[in-house]
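Note that this is a predicted model, so its numbers are computed, not measured. Chain letters run A, B, ... following the sequence lines, proteins first, then strands; residues in each count from 1.
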2 protein chains.
Amino acid sequence: MTHSEENYLKGIYHLSKGGSVAVATNAIASQMDTKPSSVTDMVKRLSEKGLVDYRKYQGVSLTESGSRQALKIVRKHRLWELFLVEKLDFKWDQVHEIAEQLEHIESEVLIDRLDALLNYPDFDPHGDPIPDKNGVFKTREKKLLSAMPVPSEGLFVGVKDSSATFLRFLDKHRIALGKKVSILEKEEFDHSMRIRLDGEAFRISHQIASNLYIKPNAVP
Amino acid sequence: MTHSEENYLKGIYHLSKGGSVAVATNAIASQMDTKPSSVTDMVKRLSEKGLVDYRKYQGVSLTESGSRQALKIVRKHRLWELFLVEKLDFKWDQVHEIAEQLEHIESEVLIDRLDALLNYPDFDPHGDPIPDKNGVFKTREKKLLSAMPVPSEGLFVGVKDSSATFLRFLDKHRIALGKKVSILEKEEFDHSMRIRLDGEAFRISHQIASNLYIKPNAVP
DNA sequence: AATTAAATTTAGACAAATCTAAAAATTTGT
DNA sequence: ACAAATTTTTAGATTTGTCTAAATTTAATT
Ligand SMILES: [Mn+2]
Ligand SMILES: [Mn+2]
Ligand SMILES: [Mn+2]
Ligand SMILES: [Mn+2]
């Protein structure tokens with residue numbers, strides 16, 4: 001597989017949310033930052049290779065084989081991201097671009113060793129699950145902060161938007177993975193919320209709240 | 001620069017032994033395992049970009065800029081090789097192919113961090129010098145074992161042939177970098193030699209002896 | 001149901017990197 | 001010095017991945 005083919009598979013995987021839902025040509029084009037006509041071309045090639053199911057005008061979905069391949073790339077991407085953060089002291093907003101390159105390195109044993117070096121991690125620096133050798137990954141209950149009841153509590157476990165600008169915004173406000181969050185109040189008018197974090201209470205906009213994943217505390 | 005362009009620059013660099021000697025089209029073709037006509041094409045592209053000096057039928061040489069680029073790739077290749085050996089427990093015969101891929105990862109800061117993680121090393125797992133950020137590398141006196149006088153002593157510091165088969169052969173005979181070597185005897189007839197290593201004396205063929213680099217012990 | 005709008009595909013072009021076969025230049029040998 | 005051998009370049013084709021512009025299909029609206 002070429003880098004481009006791998007990138008398309010990964011893109012389709014993300015759009016179909018892992019499932020085998022059909023994805024539209026235009027959706028792929030904007031995901032991959034390319035033109036619909038290029039997508040059609042590539043999708044035909046992938047279909048030839050048995051990696052996607054494609055019916056003209058009806059969208060594409062990953063085959064079993066395509067899905068396996070996509071998961072391998074996702075696994076590599078996330079392992080490399082974690083490596084960069086854990087072993088080379090990168091910040092979580094600096095690793096994605098480099099991992100976009102590293103994910104294409106072909107070596108089964110390299111990835112196995114990396115996995116071992118990192119102690120077989122379950123999640124990447126952004127809280128996304130890392131598939132294991134067989135493509136299986138841990139799931140955990142999580143809700144968007146904006147969808148949490150008032151009052152309630154939970155742990156901050158992931159970001160929906162993982163753009164560098166958003167991540168740096170979170171850094172600035174000391175919002176980091178693993179921290180405990182209490183939901184204090186929700187404003188009807190603009191859907192902004194008051195939360196407590198590190199003992200300190202403050203207000204965040206709906207925009208922010210709808211990009212943070214919270215693992216709700218079990219309520220007995 | 002594309003991967004292919006980078007590979008050509010590195011190939012030309014190795015053939016011209018770092019200097020600005022002109023290299024023949026056929027030489028490049030066999031180094032790169034490609035056809036002379038492909039070399040001519042690529043060399044024209046590189047010339048357009050100011051990375052090589054090229055005069056038809058007269059061979060190519062790296063420009064200042066081309067040389068800088070080539071050294072960057074060599075630096076990355078060797079740092080990655082050392083990383084694989086030091087941090088991921090690869091053997092010295094398993095790292096080259098993976099480093100061939102990793103050397104193309106584009107990120108200045110990544111290489112700086114890797115360099116720091118490895119403590120700013122001077123030599124790679126095969127005894128080849130690692131250029132620093134500015135392309136400068138340590139040189140050390142070294143001679144082919146086959147060229148050493150009898151009797152004499154030195155340290156095994158590098159291999160000329162770094163093919164996996166040769167490296168595994170060395171492993172089998174417990175010939176490893178840094179070990180002390182005594183040259184005991186040289187055979188006129190077939191140029192084989194008797195040497196002592198790890199206290200044990202044995203005979204090696206000329207083929208072997210002419211692929212091992214020795215740093216001669218200073219004789220006062 | 002017909003028209004309009006949107007999504008998708010096709011046709012044709014282009015750059016990069018490669019190849020084979022043929023032509024041209026250089027080098028070698030007598 | 002000149003023919004033969006070798007090296008190098010050119011010409012033309014192919015694959016991959018992309019694009020623009022035009023045609024086609026599907027979806028939405030009157
Ligand atoms: Mn990422
Ligand atoms: Mn991530
Ligand atoms: Mn190497
Ligand atoms: Mn090496």
Side-chain angles (χ1 to χ4, degrees), chain A residues 1-16 20-62 65-66 69-70 73 100-101 103-106, chain B residues 1-16 20-62 65-66 69-70 73 100-101 103-106:
Chain A
M1 262 201 303
T2 66
H3 289 196
S4 192
E5 286 174 338
E6 292 190 342
N7 286 334
Y8 272 92
L9 282 187
K10 194 179 50 147
I12 295 167
Y13 175 85
H14 283 134
L15 287 170
S16 69
S20 51
V21 196
V23 178
T25 301
N26 271 357
I28 300 174
S30 72
Q31 163 87 20
M32 309 295 297
D33 198 33
T34 184
K35 303 291 168 181
S37 56
S38 306
V39 173
T40 303
D41 284 350
M42 177 55 87
V43 150
K44 283 178 181 169
R45 274 196 289 276
L46 294 174
S47 176
E48 286 298 309
K49 300 194 178 187
L51 296 165
V52 301
D53 285 323
Y54 170 58
R55 290 191 354 270
K56 269 192 196 178
Y57 295 100
Q58 304 305 308
V60 247
S61 56
L62 294 175
S65 162
Q69 297 299 319
I73 302 161
E100 284 290 304
Q101 300 180 62
E103 72 189 1
H104 300 293
I105 302 293
E106 269 184 90
Chain B
M1 261 200 304
T2 66
H3 288 196
S4 192
E5 286 174 337
E6 292 190 342
N7 285 334
Y8 271 93
L9 282 186
K10 192 178 53 146
I12 295 168
Y13 175 85
H14 282 135
L15 288 170
S16 69
S20 52
V21 196
V23 178
T25 301
N26 271 0
I28 300 174
S30 72
Q31 163 86 20
M32 309 295 298
D33 198 32
T34 185
K35 304 291 168 181
S37 55
S38 305
V39 173
T40 303
D41 284 351
M42 177 56 86
V43 150
K44 283 178 182 170
R45 274 197 290 277
L46 294 174
S47 176
E48 285 299 308
K49 299 193 180 189
L51 295 165
V52 301
D53 285 323
Y54 170 56
R55 291 191 352 270
K56 268 192 196 179
Y57 295 101
Q58 304 306 308
V60 248
S61 57
L62 295 175
S65 161
Q69 297 299 320
I73 301 160
E100 284 291 304
Q101 299 180 62
E103 72 189 2
H104 300 294
I105 302 293
E106 270 183 89

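Straight-line distance from the CD atom of Glu48(B) to the P atom of dA16(C): 10 Å, rounded to whole Å. Atom CD1 of Ile28(B) and atom P of dT7(D) are 14 Å apart (whole Å). We find that CZ of Arg55(B) is positioned 14 Å from C1' of dA25(C), with the value rounded to whole Å. For the pair Met1(B) CE and dA17(C) P, the interatomic distance rounds to 11 Å; values are reported in whole Å. In this structure, His3(B) places its NE2 atom 11 Å from P of dA17(C), rounding to the nearest Å. As a whole-Å value, the separation of Tyr8(A) OH from dT16(D) C1' is 12 Å. With rounding to whole Å, Tyr57(B) atom OH is found 9 Å from dT7(D) atom C1'. Rounding to whole angstrom units, NZ of residue Lys35(B) and C1' of dT7(D) are separated by 15 Å.
Taking only side-chain nitrogens and oxygens, Asn26(A) never comes nearer than 4.0 Å to OP1 or OP2 of dA6(C). A close approach under 4.0 Å does not occur between any side-chain nitrogen or oxygen of Lys44(A) and OP1 or OP2 of dT9(C). Phosphate proximity of dT9(D) to Tyr54(B): present, with a side-chain N or O under 4.0 Å from OP1 or OP2. Between dA16(C) and Arg45(B), no contact under 4.0 Å exists linking OP1 or OP2 to a side-chain N or O. For dA16(C), neither phosphate oxygen OP1 nor OP2 lies less than 4.0 angstrom from any side-chain nitrogen or oxygen of Ser4(B). At dT10(D), none of the side-chain N or O atoms of Thr40(B) fall inside 4.0 Å of OP1 or OP2 (strictly under the cut-off). Dashed line: the shortest gap from a side-chain N or O of Lys56(A) to OP1 or OP2 of dA7(C) is not under 4.0 Å.
In this structure, Pro36(B) and Asp41(A) both approach DNA chain D, and ranking their closest nucleotides by distance from the 5' end singles out Pro36(B).
A distance of 13.0 Å separates CD in Gln31(B) from CG in Asn26(B), rounded to the nearest 0.5 Å. Here the CD1 atom belonging to Ile12(A) is positioned 9.0 Å from the CG atom belonging to Leu51(A), to the nearest 0.5 angstrom. Annotation: the span from Lys44(A) atom NZ to Leu46(A) atom CG amounts to 12.5 Å, rounded to 0.5 Å.
Ring geometry, His3(B) versus His3(A): the interplanar angle exceeds 60°, so the pair is classed perpendicular (tilted spans 30 to 60°).
Using a cut-off of 4.0 Å between Lys/Arg side-chain N and Asp/Glu carboxylate O, Lys10(A) and Glu100(A) are scored as salt-bridged.
Residue contacts for Ser37(A): at a heavy-atom cut-off of 4.0 Å it reaches a base atom on one of the strands shown. Within the nucleic acid shown, Ser38(B) comes within 4.0 Å of at least one base atom, counting heavy atoms only.
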